[in-house]
Trainee: 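One structure is given below, represented as structure tokens, and several questions about it will come after.
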Amino acid sequence: MKELLWKNITQLKKETPLIQNITNYVVMNNTANALLAAGASPIMAHAHSEMEDMMNICQALVINIGTLDEYWVTAMKKAAKQANKLQKPWVLDPVGAGATPYRDEILADLLRLNPTIIRGNASEIMALAKHNTTITKGVDSSADSNEAITAANFLAKNFQTTVCISGITDIILNEEKEVHLSNGNKMMAKITGMGCSATALVAAFSAIIKDTAEATVSAMALLGVAGELAAKESKGPGSLQLNIIDKLYNLSEEEFISTLKIEIKRG
Amino acid sequence: MKELLWKNITQLKKETPLIQNITNYVVMNNTANALLAAGASPIMAHAHSEMEDMMNICQALVINIGTLDEYWVTAMKKAAKQANKLQKPWVLDPVGAGATPYRDEILADLLRLNPTIIRGNASEIMALAKHNTTITKGVDSSADSNEAITAANFLAKNFQTTVCISGITDIILNEEKEVHLSNGNKMMAKITGMGCSATALVAAFSAIIKDTAEATVSAMALLGVAGELAAKESKGPGSLQLNIIDKLYNLSEEEFISTLKIEIKRG
Amino acid sequence: MKELLWKNITQLKKETPLIQNITNYVVMNNTANALLAAGASPIMAHAHSEMEDMMNICQALVINIGTLDEYWVTAMKKAAKQANKLQKPWVLDPVGAGATPYRDEILADLLRLNPTIIRGNASEIMALAKHNTTITKGVDSSADSNEAITAANFLAKNFQTTVCISGITDIILNEEKEVHLSNGNKMMAKITGMGCSATALVAAFSAIIKDTAEATVSAMALLGVAGELAAKESKGPGSLQLNIIDKLYNLSEEEFISTLKIEIKRG
């Protein structure tokens with residue numbers, strides 16, 4: 001499995017897929033840099049007049065609602081529909097799910113467009129599932145992993161999607177598979193947009209790998225290992241942000257294989 | 001006083017207040033990272049449909065007009081009104097005050113909503129006061145500190161607000177207090193958005209400290225000391241931007257106390 | 001020639017011209033930092049209500065269509081018209097030219113407003129020329145330099161403009177001159193927005209130097225040398241982004257003169 005993931009990581013640098021990102025203002029720069037460092041080629045566009053055309057030329061789509069507004073939401077829906085029409089993968093990042101009714105309403109709309117993959121933290125995944133399910137235990141911001149797994153399984157089953165719950169342990173699951181990754185460093189939570197970079201990398205791998213669980217695991221394994229190694233040479237989150245970009249670019253096979261902590265639970 | 005400020009700095013990391021930012025595109029990433037490194041939790045949202053809801057869950061608000069337009073201005077006003085209704089503090093950053101009539105018109109509107117705290121450079125504070133006062137000596141971009149103090153006192157008195165004039169010396173004043181801080185490094189002026197980060201940190205401290213002058217001094221002292229220490233290990237403004245984030249995260253009590261240069265003028 | 005370019009570089013730091021940028025969300029932070037590090041003073045504004053006023057106070061304008069939409073396009077046109085009226089230079093960055101019909105339509109409109117200088121990569125320059133010419137050999141994303149020179153000459157002649165094709169070799173040309181620069185490092189292509197920073201620096205030099213070819217060469221020489229030197233101490237594109245900003249700030253005359261590789265082909 002580790003060798004397969006490494007093969008995928010080297011393959012991304014060869015294929016340099018074009019990834020269209022409708023993402024939030026806060027993270028655009030470091031998301032684009034993360035994609036470039038890992039080998040993909042980012043586009044960031046949102047004009048209604050070019051959404052279909054952009055989807056025609058790209059290989060995968062990111063929809064991240066972090067700084068959504070009415071104009072951007074229309075762009076997201078246009079792009080997702082075109083992705084579906086062209087059978088290109090798209091990844092939903094439900095930033096701030098549960099924070100406001102508006103976000104939850106938009107997320108419900110986007111869920112109905114059947115994202116190929118969803119990546120969020122435990123709170124977000126739980127909030128996303130609650131809006132569309134009978135799970136009624138309540139959603140805490142200090143989210144519990146087991147409850148998040150229940151929510152993720154609900155989403156996976158009802159929307160035929162692959163879900164990644166990212167956190168201290170990253171859990172990737174769908175109806176067939178469940179994989180746990182235990183890399184990273186807690187300081188990564190002190191950099192804005194680490195999750196957004198993760199989502200973009202998931203989209204990049206989904207552009208070159210048909211198995212959506214394998215694509216998601218490849219992305220999360222790469223970022224987790226890069227973050228863990230980068231943290232060792234960082235004095236704080238400022239240098240960590242930079243060192244992660246460097247490590248996405250210059251990670252070696254030996255570093256990757258020896259650092260990766262992966263557990264296959266199902267499939 | 002130094003011990004009190006240090007206590008506030010450690011308290012911020014414990015309480016991790018949620019800060020809603022309506023700020024400019026240029027600085028969103030490093031503002032969010034500055035808040036995270038100092039211990040606060042940033043939100044950046046601007047959709048009209050969720051402004052009130054976001055204000056309900058956050059503890060303080062930043063309004064920074066750097067890249068304003070009509071949509072964003074409406075969001076700013078909605079958020080400020082809701083902050084006032086809920087008696088939550090909000091901080092105004094009058095970026096580019098005086099540069100265009102449109103900016104000055106919007107700033108006059110925002111001033112009438114009574115910002116809890118205003119943070120700007122000397123030119124901006126003077127431009128802001130001129131628009132609403134009888135100060136008629138003229139506003140220069142190469143602003144004079146003493147004139148800026150007059151302007152700041154005018155604003156403090158007429159709008160019941162606390163004003164921070166940031167520069168080589170940071171001056172924090174309101175009707176009761178006046179404090180001068182003399183930390184930092186001139187290279188900080190070569191990083192975009194240092195002032196914007198300052199404003200966001202002021203909002204973060206205002207979320208956990210009732211005395212608005214004390215909150216503002218805590219924020220400016222933290223950033224000034226972090227910037228001064230970070231500059232010592234920086235070859236230019238690129239590394240300085242990163243080193244400041246690291247220092248906001250890992251500053252020690254000893255470094256803070258021994259570096260801080262503070263002078264209490266009143267109160 | 002090298003001495004003249006160095007004189008221009010030091011002159012920029014003395015004159016600190018105000019540069020108005022209507023640019024894309026992805027690069028705003030590092031573009032502003034590049035301008036500050038090189039000595040210019042950035043403004044980033046796009047509100048229709050202040051476009052003319054901003055043009056009145058700035059010395060040059062950047063129009064970069066990277067994340068264009070209808071609102072921003074109107075701002076771009078307003079600003080370009082005002083720049084023309086005031087005879088202030090403006091620089092067009094045709095990001096993603098050829099990617100969608102919408103982009104090409106907007107670029108055709110902007111071309112008709114006669115940009116003072118155009119800076120793009122070979123693909124973009126070729127796409128831009130194709131839209132308005134009889135060049136019909138087709139436009140490839142893996143662009144060929146010689147074809148791009150033909151396209152650039154077409155643009156230069158038909159729109160009385162100076163064109164910079166940036167890449168492994170940067171080619172600056174207009175009807176009178178043609179200069180080739182061979183600095184930089186291939187890792188620069190792995191940082192988002194390097195081209196956008198180049199465009200902004202071109203605008204900064206055009207604010208202080210009348211000869212548009214000389215201004216463009218000064219900017220590209222500075223960035224190429226800074227990038228080449230910065231790459232020597234960078235482990236990846238994360239540290240390179242930062243080190244370039246530092247080097248724009250602290251580059252010495254000796255480093256510049258000894259590193260610059262310049263070839264004057266015409267003029």
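Just the heavy atoms: all of them, side chains too, but no hydrogens, waters or symmetry mates, feed the values below. Residue numbering restarts at 1 for every chain, and letters A, B, ... go by the order of the sequence lines.
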Trainee: In this structure, are over 12 heavy atoms from other groups packed under 6.0 Å from C:Lys85 atom NZ?
Mentor: no

Trainee: Only pairs of heavy atoms separated by less than 4.5 Å count here; which of C:Ile245, C:Leu242, C:Ile43 has the most with chain B?
Mentor: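 When all of C:Ile245, C:Leu242, C:Ile43 are compared, C:Leu242 has the most.
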
Trainee: Looking at B:Ala189 and C:Leu36, what are the two nearest heavy atoms and their distance?
Mentor: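 Closest pair (atom of B:Ala189, atom of C:Leu36, distance): O-CD2, 4.1 Å.
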
Trainee: Quick check: closest heavy atoms across C:Met28 and B:Val26, and the distance to 0.1 Å?
Mentor: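 Answer, listing the atom of C:Met28 first, then B:Val26: O-CG1, 3.8 Å.
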
Trainee: If you count every heavy atom of other residues, nucleotides or ligands that lies below 6.0 Å from C:Leu86 atom CG, does the total exceed 12?
Mentor: yes

Trainee: Using only distance (under 3.5 Å, no hydrogens or angles), which donor-acceptor pairs connect chain B and chain C?
Mentor:
unit_1, atom_1, unit_2, atom_2, d
C:Asn29, ND2, B:Val26, O, 2.9
C:Asn29, ND2, B:Asn30, OD1, 3.1
C:Asn33, OD1, B:Thr192, N, 2.8
C:Asn33, ND2, B:Gln241, OE1, 3.2
C:His46, NE2, B:Asp69, OD2, 2.8
C:Ser49, OG, B:Glu70, OE2, 3.0
C:Glu50, OE1, B:Thr100, OG1, 2.7
C:Glu50, OE1, B:Arg103, NE, 2.7
C:Glu50, OE2, B:Arg103, NE, 3.3
C:Glu50, OE2, B:Arg103, NH2, 2.7
C:Tyr71, OH, B:Glu70, OE1, 2.4
C:Tyr71, OH, B:Glu70, OE2, 3.3
C:Glu233, OE1, B:Lys235, NZ, 2.7
C:Asp246, OD1, B:Gly236, N, 3.4
C:Asp246, OD1, B:Gly238, N, 2.8
C:Asp246, OD1, B:Ser239, N, 3.0
C:Asp246, OD1, B:Ser239, OG, 3.4
C:Asp246, OD2, B:Ser239, OG, 2.6
C:Asn250, ND2, B:Lys235, O, 2.9

Trainee: More than 12 heavy atoms of other residues, nucleotides or ligands under 6.0 Å from CG of C:Leu4: yes or no?
Mentor: yes

